[in-house]
2 protein chains.
Amino acid sequence: MSTQLDHVSVVKKSNIYFDGKCVSHTVLFADGSKKTVGVIFPSALTFNTGAPETMEIVAGRCRVRLAGQDAWHHYEGGQQFDVPGDSRFDIETLDTLDYVCHFG
Amino acid sequence: MSTQLDHVSVVKKSNIYFDGKCVSHTVLFADGSKKTVGVIFPSALTFNTGAPETMEIVAGRCRVRLAGQDAWHHYEGGQQFDVPGDSRFDIETLDTLDYVCHFG
């Protein structure tokens with residue numbers, strides 16, 4: 001997994017969710033696509049998706065339960081998981097996460 | 001002031017300081033220079049500088065006291081201030097700051 005996103009623009013203003021438990025910056029690509037690069041502090045949160053997402057965990061540790069599933073799955077730095085569009089997932093962050101969210 | 005940094009790379013792993021009160025991502029330019037784009041949550045912090053810095057306040061509100069000065073100066077979105085190298089500054093963040101730190 002690469003350690004950086006190349007040939008991009010970064011929006012200076014951040015996206016802050018859940019009272020600062022999640023902080024991200026939007027990264028724009030030349031083809032018009034975007035990703036977000038961010039942090040989730042230890043917490044138990046539920047995220048809703050619009051487009052399908054791939055959550056790339058850069059560092060940290062969490063467990064995740066997708067909508068309609070009973071099982072929690074553990075993920076840590078170097079792993080990733082997919083979330084369908086128009087859905088949601090519960091995420092319990094155990095060690096602060098660095099992540100990249102890929103859309104579509 | 002532009003709303004984004006163009007033609008850059010973004011390091012995926014964040015820089016977290018002061019127990020998460022400050023979160024930034026490193027942005028690399030083709031000429032080898034770098035900046036950081038980040039957030040400071042409401043807090044009273046002291047930052048040390050290595051290289052001289054220009055702190056561009058994108059959004060939010062703070063007051064700042066440079067080393068060796070008695071006076072506090074207020075800054076908000078759209079303003080910036082300079083800090084000498086090998087120095088420090090006290091910053092009291094009143095409304096969560098989005099900032100870009102320019103080095104050198």
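The figures that follow rest on heavy atoms only: side chains count, while hydrogens, waters and symmetry mates do not. Lettering of chains follows the sequences in order, A, B, ..., and the numbering in each one begins at 1.
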Is it the side chain or the backbone of [X] that comes within 4.5 Å of chain B heavy atoms, both, or neither?
| X | value |
| --- | --- |
| V58(A) | side chain |
| V37(A) | both |
| T96(A) | side chain |
| H7(A) | backbone |

Can you tell me if [X] has over 12 outside heavy atoms packed within less than 6.0 Å of its [atom1]?
| X | atom1 | answer |
| --- | --- | --- |
| R63(A) | CZ | yes |
| D31(B) | CG | yes |
| N48(A) | CG | yes |

Would [X] end up clustered with [Y] when hydrophobic side chains under 4.5 Å apart are linked, directly or stepwise?
| X | Y | result |
| --- | --- | --- |
| F103(B) | L5(B) | no |
| F29(A) | V10(A) | yes |
| I40(B) | I16(B) | no |
| Y75(B) | V83(B) | yes |

First locate atom [atom1] of [X], then atom [atom2] of [Y], and finally report the distance between them rounded to the nearest 0.5 Å.
| X | Y | atom1 | atom2 | result |
| --- | --- | --- | --- | --- |
| D98(B) | K13(A) | CG | NZ | 4.5 Å |
| L97(B) | S14(A) | CG | OG | 10.0 Å |
| K12(B) | K35(A) | NZ | NZ | 8.5 Å |

Heavy-atom side-chain proximity of Q4(B) to L28(A) below 4.5 angstrom: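 Yes, their side chains come closer than 4.5 Å.
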Shortest non-hydrogen separation from V8(A) to S9(B) and the atoms involved: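 It is CG2-CA, 4.4 Å.
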Under 4.5 Å from a heavy atom of chain A, the part of V100(B) involved: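 Looking at V100(B), just its side chain touches chain A.
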Residue among V27(A), T3(A), V39(A) with most heavy-atom pairs under 4.5 Å to chain B: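 The option with the most such pairs is T3(A).
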Residue list, ring pair (Phe, Tyr, Trp, His ring centres under 6.0 Å) with F18(A), at least two apart or on another chain: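 Checked F18(A) against ring pair (Phe, Tyr, Trp, His ring centres under 6.0 Å); matches are F47(A).
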